[in-house]
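Take this structure first; my questions come after.
The model shown is predicted, which means the values in this text are computed figures rather than measured ones.
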Amino acid sequence: MLASLGLFVFETTTAAFEEVSRKSGYRFGTGNAVGTRPHMQYIGQDNDDISLSGTLYPEITNGIVSLDELRDMAATGKTYALMNGNGYYYGMCYITDISETQSHLLSDGTARKISFSLALKLADDSEREQVAVLDQDRGQV
């Protein structure tokens, strides 16, 4: 298993990705002052952007079926727990974008190669706190 997003498992038979990128942002408020550069004040961490990209070969994987399943998940507007195969927990994520490019088409239009990318946005900390509260209610930590 490469990773899981909610109950969707990324592996060679579903949607194996080749790259993971993560961008962490930090927010600053600025105040203008005459004759000086704007003053900046740190106001908090921004939501991280996480991107997964890879290539599907329908002869080996579920191909488009896996991408359709991810699209159905995205359409709910819910957050999903993202965890990689070695147990690192990224947090609760929204699916914000799914893109695909089909190539090496057969005469009936079937793609032999599908490149994809999945864009996720890490939810705010209140989402993590809600999960923690639910776990405490169940007697888990």
Minimal non-hydrogen separation, Leu56 against Pro58, with atom names: O-CD, 3.7 Å

Nearest heavy atoms of Ala74 and Ile98, plus distance in Å: CB-CD1, 4.4 Å

Separation of Leu5 CG from Leu52 CG (nearest 0.5 Å): 8.0 Å

Phe116 side, atom CZ; Thr101 side, atom OG1 - distance, nearest 0.5 Å: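 The distance works out to 11.5 Å.
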
Non-hydrogen side-chain atoms of Met73 and Tyr80 separated by less than 4.5 Å: yes

Approximate separation, where rounding is to 0.5 Å, of Leu118 CG and Arg71 CZ: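 Result: 10.0 Å between the selected atoms.
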
pair Thr110-Gln102: side-chain heavy atoms closer than 4.5 Å: no

Heavy-atom neighbours of Ile43 CD1 exceed 12 at 6.0 Å: yes

Within one Ile-Leu-Val-Met-Phe-Trp-Tyr cluster: Tyr88 and Leu2, side-chain cutoff 4.5 Å: yes

Minimum heavy-atom distance Thr79-Ala123, with the two atoms named: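 For Thr79 and Ala123, the tightest heavy-atom pair comes out as CG2-CB, 4.0 Å.
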
Identified side chain to side chain contact (heavy atoms under 4.5 Å, CB included) counterpart of Met1 within the set Thr14, Asn86, Asn84, Val9: Val9

Minimum side-chain heavy-atom gap Asp49-Arg22 below 4.5 Å: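 Counting from C-beta outward, Asp49 and Arg22 never come under 4.5 Å.
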
Point-to-point distance, once rounded to the nearest 0.5 Å, from CD of Glu11 to OG of Ser4: 10.5 Å

Spacing of Lys23 atom NZ and Ser51 atom OG [to the nearest 0.5 Å]: 11.5 Å

pair Thr96-Leu120: side-chain heavy atoms closer than 4.5 Å: no

CD1 on Ile95 to OG1 on Thr76, rounded to 0.5 Å: 7.0 Å

Cluster companions of Ile60 among Ile, Leu, Val, Met, Phe, Trp, Tyr (side-chain spacing under 4.5 Å): Tyr57

Give every donor-acceptor pair under 3.5 Å between a side-chain atom in residues 24-34 and any protein atom, sequence neighbours left out.
from: Ser24; atom 1: OG; to: Asp48; atom 2: OD1; distance (Å): 3.3
from: Ser24; atom 1: OG; to: Asp48; atom 2: OD2; distance (Å): 3.1

Phe10: ring pair (Phe, Tyr, Trp, His ring centres under 6.0 Å) partners, not counting sequence neighbours: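 Testing Phe10 for ring pair (Phe, Tyr, Trp, His ring centres under 6.0 Å), a comparison that skips the adjacent residues, returns Phe8, Phe17.
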
Check: Lys78 and Tyr94 side chains under 4.5 Å, non-hydrogen atoms: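 With C-beta onward as the side chain, the pair stays apart.
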
Check: Thr55 and Glu18 side chains under 4.5 Å, non-hydrogen atoms: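 Sidechains of Thr55 and Glu18: in contact.
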
Minimum-distance pair of heavy atoms, taken over all atoms of Ile50 and Cys93: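 Nearest heavy atoms, Ile50 then Cys93: CD1-SG, 4.2 Å.
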
